[in-house]
Amino acid sequence: LNDGCLEPIKMIIPAHSMINPDYPAAVFAGNVETSQYLVDALFGALDVMAGSQGTMNNFIFGNDHFQYYETLCGGTGAGNGYHGASAVHSHMTNSRLTDPEVLEWRYPVMLRSFSIRKGSGGQGKFTGGDGIIRKLQFLEPVVANIISGHRKVPPFGLGEGNPGKTGANYIEHPDGTTTHLASIQQVQLNCGDLFIIKTPGGGGWEKY
């Protein structure tokens with residue numbers, strides 16, 4: 001105490017604690033989300049390439065009878081002499097999705113569409129890759145979780161290249177209403193609900 005007041009606490013946070021925190025620091029989605037931001041930050045700082053989708057768009061759903069987890073692709077950033085790739089995982093992994101026929105046979109869902117999100121990559125001399133749009137309709141009640149990034153801040157462009165488009169998560173209900181979701185959220189889905197995920201595009205590249 002200093003004259004009855006608490007003195008300010010001066011803290012020095014080692015750089016390693018940001019990516020290798022000590023217990024009991026809260027950690028979550030380090031492999032699938034934090035790692036994406038770290039790689040994009042390094043590539044951007046070194047002027048290697050624009051930001052990629054920066055997320056793995058983790059989508060998990062299930063009930064008392066089954067559980068399912070998938071990660072979704074998006075666009076990669078453009079660089080000096082090349083365009084970004086569309087509809088791929090960036091940096092960490094490129095896991096394969098369950099085939100539509102197998103997905104619908106094993107789980108109470110219908111894959112209504114799975115397409116490239118045209119125009120979602122940032123423009124520039126070299127254009128960022130496009131994300132995707134995935135629409136899953138549920139045939140029985142489930143609880144769903146979405147863990148995603150770049151829903152507010154777009155993947156950056158380099159130089160005068162434009163950023164990629166942000167992603168979006170929302171539900172279209174049978175009565176015609178729409179529920180917009182945050183980047184990380186849990187939600188109850190009912191029969192007939194359509195869960196739509198739009199993944200981010202990569203940033204564009206163009207020198208000043």
Side-chain angles (χ1 to χ4, degrees), residues 26-37 39 52-76 84-121 129-152 155 164-202:
V27 293
F28 181 70
N31 181 54
V32 292
E33 296 299 301
T34 306
S35 59
Q36 298 283 339
Y37 284 96
V39 176
S52 296
Q53 72 158 343
T55 177
M56 289 176 65
N57 306 288
N58 308 266
F59 185 45
I60 308 103
F61 59 84
N63 54 30
D64 291 340
H65 308 292
F66 72 91
Q67 294 81 41
Y68 178 77
Y69 182 171
E70 65 183 21
T71 60
L72 299 176
C73 51
T76 64
S86 298
V88 295
H89 275 303
S90 52
H91 307 326
M92 295 301 111
T93 184
N94 198 19
S95 55
R96 181 179 175 180
L97 274 176
T98 305
D99 293 332
E101 297 84 357
V102 176
L103 178 67
E104 294 181 350
W105 173 56
R106 291 182 177 176
Y107 304 99
V109 299
M110 292 188 69
L111 180 59
R112 290 299 185 184
S113 69
F114 185 35
S115 60
I116 292 179
R117 189 185 175 195
K118 297 291 186 181
S120 56
D130 289 326
I132 59 95
I133 304 173
R134 188 166 174 85
K135 300 181 179 182
L136 275 174
Q137 189 169 35
F138 289 84
L139 307 181
E140 70 178 60
V142 300
V143 173
N145 294 271
I146 184 73
I147 304 168
S148 58
H150 284 298
R151 268 41 183 182
K152 291 184 179 180
K165 287 188 177 179
T166 55
N169 314 312
Y170 56 99
I171 304 163
E172 290 184 354
H173 304 284
D175 63 3
T177 60
T178 300
T179 299
H180 292 273
L181 304 175
S183 58
I184 300 175
Q185 190 165 339
Q186 182 179 87
V187 65
Q188 174 70 52
L189 299 176
N190 297 311
C191 183
D193 283 340
L194 188 67
F195 201 107
I196 301 171
I197 302 173
K198 295 182 178 181
T199 68

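Below, all heavy atoms of this structure are taken into account, side chains as well, without hydrogens, waters or symmetry copies. Heads up: numbering here begins at 1 and tracks the sequence.
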J.: Less than 3.5 Å apart, any donor N or O on the side chain of Glu140 or Asn63 sitting next to an acceptor on the other?
T.: yes

J.: Let's go through Tyr107 and Thr98 carefully: what are the C-alpha distance in whole Å and the side-chain angles of both, what is the deciding distance for side chain to side chain donor-acceptor pair (under 3.5 Å) to 0.1 Å, and is it a yes or a no?
T.: CA-CA 11 Å; Tyr107 304 99; Thr98 305; over 6 Å; no

J.: To the nearest 0.5 Å, how far apart are CZ in Arg117 and CD in Gln53?
T.: 11.0 Å

J.: Could you grab the distance from atom CG of Asp193 to atom OG1 of Thr177, nearest 0.5 Å is fine?
T.: 8.0 Å

J.: Taking Gln188 for the side chain and Val143 for the main chain, is one N or O donor matched with an acceptor at less than 3.5 Å?
T.: no

J.: Please give me the minimum heavy-atom distance between Leu111 and Arg134, naming the atom from each residue.
T.: CD1-NH1, 3.7 Å

J.: Is there side-chain contact between Phe59 and Asn169, with heavy atoms separated by less than 4.5 Å?
T.: no

J.: Apply side-chain contact (heavy atoms from CB on, under 4.5 Å) to Met110 and Leu139, showing your working.
T.: CA-CA 8 Å; Met110 292 188 69; Leu139 307 181; 4.0 Å; yes

J.: Which distance, rounded to the nearest 0.5 Å, do you find between the CE of Met92 and the OG of Ser52?
T.: 10.0 Å

J.: Could you tell me the separation between the CG atom of Leu136 and the CD1 atom of Ile197, rounded to the nearest 0.5 Å?
T.: 7.5 Å

J.: Looking at the rings of Tyr37 and His91, which for Trp means the six-membered one, are their centres under 6.0 Å apart?
T.: no

J.: Strictly distance-based, threshold 3.5 Å: is any side-chain N or O of Asp130 a donor or acceptor partner for the main-chain N or O of Ser120?
T.: yes

J.: Ignoring hydrogens and geometry beyond distance, is a side-chain donor-acceptor pair present between Glu70 and Tyr68 at under 3.5 Å?
T.: yes

J.: Spell out, as yes or no, whether a donor-acceptor pair under 3.5 Å connects the side chain of Asp99 to the backbone of Glu101.
T.: no

J.: Hey, what do you get for CZ (Arg106) to CD (Glu104), rounding to the nearest 0.5 Å?
T.: 13.0 Å

J.: Can you name the nearest heavy-atom pair linking Asn145 to Gln186, along with the distance?
T.: OD1-NE2, 3.0 Å

J.: Could you go through the side-chain contact (heavy atoms from CB on, under 4.5 Å) check for Ile184 and Ile146 one step at a time?
T.: CA-CA 5 Å; Ile184 300 175; Ile146 184 73; over 6 Å; no

J.: Quick one: does Arg112's side chain get under 4.5 Å of Leu194's, heavy atoms only?
T.: yes

J.: Of all the heavy-atom pairs spanning Gly54 and Ser90, show the shortest one and how long it is.
T.: N-OG, 4.3 Å

J.: Ignoring hydrogens, what is the shortest heavy-atom contact between Ser183 and Ser148? Give both atom names and the distance.
T.: O-OG, 2.7 Å

J.: Return yes if some donor-acceptor pair links the side-chain N/O of Thr199 with the main-chain N/O of Cys73 below 3.5 Å, else return no.
T.: yes

J.: Testing the basics here: between Ala87 and Ile116, what is the closest heavy-atom pair and its distance to 0.1 Å?
T.: CB-CG1, 4.2 Å

J.: Please find the pair of heavy atoms, one from Pro200 and one from Asn57, that lie closest to each other, and give the distance.
T.: CD-OD1, 4.0 Å

J.: Could you walk me through whether Ile147 and Glu33 pass side-chain contact (heavy atoms from CB on, under 4.5 Å), step by step?
T.: CA-CA 8 Å; Ile147 304 168; Glu33 296 299 301; 4.1 Å; yes

J.: Do the rings of Phe61 and Phe138 sit parallel, tilted or perpendicular, given the 30° and 60° boundaries?
T.: perpendicular

J.: Is Lys135 paired with Glu172 through a side-chain N to carboxylate O contact shorter than 4.0 Å?
T.: no

J.: Would you give the length of the straight line joining atom CD1 of Ile171 to atom CG of Leu181, rounded to the nearest 0.5 angstrom?
T.: 4.5 Å

J.: Going through the distances and angles, do Thr55 and Arg151 end up as a side-chain contact (heavy atoms from CB on, under 4.5 Å)?
T.: CA-CA 10 Å; Thr55 177; Arg151 268 41 183 182; 4.0 Å; yes

